[in-house]
Protein chains: 2
Amino acid sequence: MHQTFDAALGINLLHANQAGADRNRAHFDNWGITCLNLMSSPGAGKTVILERTLASLSAEMKIAVIEGDMTTELDADRLRCYGVPVIAINTGRSCHLDSKMVAGGIHRLEHEYDPTTFDLVLVENVGNLVCPAEFEVGEHAKVALLSVTEGEDKPLKYPIMFQEADCLLITKMDLAPYLDVDISRIEANVRQINPDVTILPVSAKTGAGLQAWFEWVQLQVAAQPVLAVNC
Amino acid sequence: MHQTFDAALGINLLHANQAGADRNRAHFDNWGITCLNLMSSPGAGKTVILERTLASLSAEMKIAVIEGDMTTELDADRLRCYGVPVIAINTGRSCHLDSKMVAGGIHRLEHEYDPTTFDLVLVENVGNLVCPAEFEVGEHAKVALLSVTEGEDKPLKYPIMFQEADCLLITKMDLAPYLDVDISRIEANVRQINPDVTILPVSAKTGAGLQAWFEWVQLQVAAQPVLAVNC
């Protein structure tokens, strides 16, 4: 955990972050946008899952991406190929997005586009299985990814992320045959910590399981009330 | 990056951490111990590399492990099977070991064992490709692990870890045939950031490359002056 209390300013940094997240969410709600926050270790496959999601869903709903990376726009550039607005945020030395950084992204969404026309904002967080889980950014749901190569014990060893997740994608299922991994053991370890999480095993390579993920995303978008009047 | 300045206490937390790391290193130097700090994303294979290392080297040198995990002693228990002292540190919500936590481990090493009889302390850090790189713990060298499943771009996207590393193990080489991964591209990306790092591709599963890793460890231990007198 990070230093969470700034004694000089007399503020609890996590509380301040939470207040910012609530403001971000209010913006999304006003615009009728659903926001999902994707989090995982580096290399678990967030960007490729976003690529598949944009390819499949951007015809039926209007999507923007807020792309968090410490440095580079490598991932942002990959996603721009799908013809959606991608707002890149370089976090510098910060190991997670916070609500203030995402507020900057929302500001750009508001001023460079008409935010009321969007249905879905996908936030790709910095690759880190620990810290992003503690910093809400204004999302309506948290999506954690765990690749089959990371091992069955990770939900027990990094419980905060798995506790917070609304949906867990078990990624790289195509590699499972080459590993000593028991998917049901991963699921059981996650359920110990978070009995209600939706667990979806997927492979971006073969496409297996992706339909269920797309349907989960569609459900989240459907749950957000449509704007009566643009405002 | 974490909050690095505590205004109330008037201290720079990274500087305070560094002072603690220097004290830890002085202890290791006094006892003729080499300390290596292993860092990576969760699931890159730190624990299994330590298992192979203990199995191969603990007959010829006296090794202790300081095992950092947010929760559980799962990894510590795996390593205890190899008959070496394993000092477990649960970091709670903290996403990295710091020098104060490791000082606690050193205190136990000093009081529960004779530290002058040890040659090597292996520190397994919390699984996180970002924050542990900023918090020195008193090590003589930093070892980063990157598994082939994590992608070629990671050195560019998470540069601090790769900048700081003295040795990079590219792990899970046995999975490379099932991935679209170019190992020479990983190496080139790492060299952009850190031209002098030792890069060793390994597979804990097949044993490929491990001999070179063991020899690198032996070299680090040989570089530490042997104690003239127990003190």
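In what follows, chains carry the letters A, B, and so on, assigned in the order in which the sequence lines appear, proteins first and then strands, with residues in each chain numbered from 1.
With B/E51 as reference, B/R78 is the one residue of B/K46, B/R80, B/R78 to meet the salt bridge (charged side-chain N to carboxylate O under 4.0 Å, His left out) rule. For the pairing with A/T47, the side-chain hydrogen bond (donor to acceptor under 3.5 Å, both in side chains) check across A/E124, A/R52, A/E67 returns one residue only, A/E124.
Across B/N128 and B/C95, no two heavy atoms sit closer than the pair ND2-O, 3.3 Å. Across all their heavy atoms, A/K157 and B/D69 have their closest contact at CE-OD1, 2.9 Å. When every heavy atom of A/I87 is checked against every heavy atom of A/G105, the shortest pair comes out as CD1-O, 3.4 Å.
Counting heavy-atom pairs closer than 4.5 Å to chain B, the top residue among A/L146, A/T149, A/T72, A/L179 is A/T149. The candidate with the highest count of non-hydrogen atom pairs below 4.5 Å against chain B, out of A/P42, A/G127, A/A44, is A/P42. Highest contact tally toward chain B, considering only A/I160, A/D153, A/D180, A/L129, is held by A/I160 [criterion: heavy-atom pairs under 4.5 Å].
Applying a 4.5 Å heavy-atom cutoff, the residues of residues 161-175 of chain B that approach chain A are B/K172, B/L175. Proximity to chain A at a heavy-atom threshold of 4.5 Å picks out B/K205 from residues 187-206 of chain B, in numerical order.
Neither side chain, B/Q18 nor B/S99, offers a donor N or O lying under 3.5 Å from an acceptor on the other.
Using a 4.5 Å heavy-atom cutoff, the side chains of B/I63 and B/L57 are in contact. For the pair A/C35 and A/R25, the minimum side-chain heavy-atom distance is 4.5 Å or more. In this structure the side chain of B/M39 never reaches within 4.5 angstrom of the side chain of B/V143, judged on heavy atoms. A 4.5 Å side-chain heavy-atom check between A/I66 and A/L122 finds every atom pair outside the cut-off.
Of the atoms belonging to A/N90, not a single heavy atom falls under 4.5 Å from chain B. Both the backbone and the side chain of A/T71 come within contact range of chain B, judged by heavy atoms closer than 4.5 Å. The part of A/K154 that comes within reach of chain B is its side chain, from C-beta onward, which places non-hydrogen atoms under 4.5 angstrom from that chain.
The main-chain N or O of B/E139 is never found under 3.5 Å from a side-chain atom of B/N37 such that the two would form a donor-acceptor pair.
Using bins of under 30°, 30° to 60° and over 60° for the plane-to-plane angle, the ring pair B/H96/B/F135 lands in the parallel bin.
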